2 protein chains.
Amino acid sequence: MAKKGDKTRTDIVDCAKDLFYTQGYERTSFTDIVNATGVYRGNIYHYFKSKEEILEAVIDQRLAEFRIVLKQWDVRHSTPRARLMAFVQMIASKRKDLTRYGCPIGSLNTELAKDQHDLQQSSKALFDLFRDWLTAQFIALGYAAEAESLALHLLGRAQGIAVIAHVYGDAALLQGEVSRLEAWIEESIVQSGLS
Amino acid sequence: MAKKGDKTRTDIVDCAKDLFYTQGYERTSFTDIVNATGVYRGNIYHYFKSKEEILEAVIDQRLAEFRIVLKQWDVRHSTPRARLMAFVQMIASKRKDLTRYGCPIGSLNTELAKDQHDLQQSSKALFDLFRDWLTAQFIALGYAAEAESLALHLLGRAQGIAVIAHVYGDAALLQGEVSRLEAWIEESIVQSGLS
DNA sequence: GTCTATATAATGATAGAC
DNA sequence: GTCTATCATTATATAGAC
């Protein structure tokens with residue numbers, strides 16, 4: 001099923017995803033992508049008509065990957081409590097990359113949202129994905145109208161942890177903040193009366 | 001006392017500060033600075049030998065400005081509680097810029113910390129400034145060993161709020177998160193036994 | 001210290017032979 | 001679909017007359 005061109009295309013997206021994350025979108029040049037992939041310059045333009053289009057493909061891939069992760073959590077964990085904890089545990093498990101390069105979603109959005117960048121609309125979808133999933137968990141906890149606000153609070157807490165851990169390159173700091181976040185979730189569950 | 005050249009230099013730093021904040025450092029070109037200041041190309045190089053050097057001057061100015069703010073808070077507010085509230089209130093009062101361009105400290109650090117950028121060492125000092133001041137407040141509340149951890153927690157919460165409000169361009173969201181943060185400070189003060 | 005002209009390298013993007 | 005050569009533009013940075 002997988003054609004030849006598909007592999008090249010996938011290689012480009014994989015490499016670009018990594019470079020955009022570790023260096024930032026703006027700082028990553030076309031030449032960087034050429035060198036990292038080994039794909040010839042003109043050839044990349046055969047698959048994507050611009051650097052922006054590569055970024056869109058990268059965002060689409062991240063969206064697809066995260067949708068799979070969320071689906072796995074839904075299958076693996078039956079309670080909203082366990083699902084929220086899975087979200088927080090992801091932060092802990094990714095602590096190495098988070099401290100070195102920041103959050104792949106947050107740092108990209110922060111870069112693109114400057115001065116109404118067009119592409120930010122696409123990258124915002126990554127936040128929407130988690131916001132909606134988290135909202136569903138809080139609704140399951142009985143929060144109803146408050147649910148989205150709690151979801152955004154949790155997302156924000158996660159972002160804050162990533163920013164500070166990134167700036168200070170401190171994984172232990174991240175771990176400590178993750179513990180606080182777990183405690184907050186426990187409190188929220190107690191308050192919901194669904195403990 | 002203020003010489004002619006000082007004004008030109010100040011103009012360059014002021015404009016660059018604004019551009020780096022609203023557009024990001026990487027996305028801001030030398031030409032952008034030339035156009036915004038009206039200072040001739042070669043003339044800018046008379047004051048700064050590189051774009052990086054302009055950024056260092058911008059960071060130094062931000063440091064100086066924030067030191068003044070912190071000093072004012074020290075004078076104006078006599079209790080650590082009031083000082084911490086002043087910090088949180090700053091977020092609320094800057095909500096318009098924060099939702100449009102993100103946090104000037106956080107977004108700059110996020111950009112520069114990618115892949116060990118040299119300049120991040122300078123921008124990190126902006127975080128250190130607030131971290132140390134906040135730590136002093138928590139020490140005054142009797143937290144001692146925990147103080148720095150609480151300071152970084154508070155800084156992280158502030159960063160998370162800025163990221164989410166920026167991504168969603170939502171000032172009301174920011175306001176709601178600020179309220180949560182105020183509640184958290186109240187709790188911390190109660191727990192410290194110094195209420 | 002002011003201003004013009006230009007150097008030099010890098011950028012994203014194309015054209016077109018194979 | 002592969003590969004080379006190159007375009008046009010923009011980037012940061014300099015040289016040097018005034």
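Letters A, B, ... mirror the listed sequences (proteins, then strands); counts begin at 1. What you see is a predicted model, and the numbers here were worked out from it, not measured in a lab.
Atom C1' of nucleotide C:dG1 and atom NZ of B:K7 are separated by 14 Å, given to the nearest angstrom. Taking atom NE2 of A:H46 as the reference point, atom P of C:dT14 lies 15 Å away to the nearest angstrom.
Within the 4.0 Å cut-off from OP1 or OP2 of D:dC3, not a single side-chain nitrogen or oxygen of A:N43 is found. Contact between the side-chain N/O atoms of B:Y47 and the OP1/OP2 oxygens of C:dT2 is found at a separation under 4.0 Å.
For the pair A:K71 and A:F66, the cation-pi test (distance below 6.0 Å, angle within 45°) is failed. Geometrically, A:R62 engages A:Y21 in a cation-pi contact, judged by NZ or CZ lying under 6.0 Å from the ring centre and within 45° of the ring axis.
Under 3.5 Å, the side chains of B:N109 and B:S123 contain a donor-acceptor pair of N or O atoms. Side-chain atoms of B:K114 and A:S107 include a donor-acceptor pair closer than 3.5 Å.
With respect to B:L112, the side chain to side chain contact (heavy atoms under 4.5 Å, CB included) criterion is satisfied by exactly one of B:K124, B:Q121, B:Q120: B:Q120.
Consecutive Watson-Crick or G-U pairs involving DNA chain D, each under 3.5 Å on both distances, make up stems of three or more pairs at C:1-7 with D:12-18, C:9-18 with D:1-10.
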(message) Would B:E146 and B:S192 count as a side-chain contact (heavy atoms from CB on, under 4.5 Å) here? Give the steps.
(response) CA-CA 11 Å; B:E146 271 181 284; B:S192 79; over 6 Å; no
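For the contact set between residues 17-42 of chain B and DNA chain C, defined by any heavy atom under 4.0 Å, the members are B:Y40, B:G42. Scanning residues 50-57 of chain A for heavy-atom distances under 4.0 Å to DNA chain C yields A:S50, A:K51.
Sorted by first and then second residue, the salt bridge (charged side-chain N to carboxylate O under 4.0 Å, His left out) pairs with a member in residues 17-34 of chain B read A:E26-B:R27, A:R27-B:E26, B:K17-B:E65; sequence neighbours excluded.
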N/O donor-acceptor pairs under 3.5 Å from side chains in residues 135-144 of chain B, not counting sequence neighbours:
{"from": "B:T135", "atom 1": "OG1", "to": "B:R131", "atom 2": "O", "distance (Å)": "2.6"}
{"from": "B:Q137", "atom 1": "NE2", "to": "B:W133", "atom 2": "O", "distance (Å)": "3.1"}
{"from": "B:Y143", "atom 1": "OH", "to": "B:S188", "atom 2": "O", "distance (Å)": "2.4"}

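Minimum atom distance to the side chain of B:Y45 is reached by D:dT12, of the listed D:dT12, D:dG1, C:dC3.
A:Y168 and A:L98 fall within the same hydrophobic cluster, defined by Ile, Leu, Val, Met, Phe, Trp and Tyr side-chain heavy atoms under 4.5 Å apart, directly or through other members.
Residues B:Y45 and B:F30 bring their aromatic ring centres within 6.0 Å.
Judged as a side chain to side chain donor-acceptor pair (under 3.5 Å), and not counting sequence neighbours, B:W184 has no contacts.
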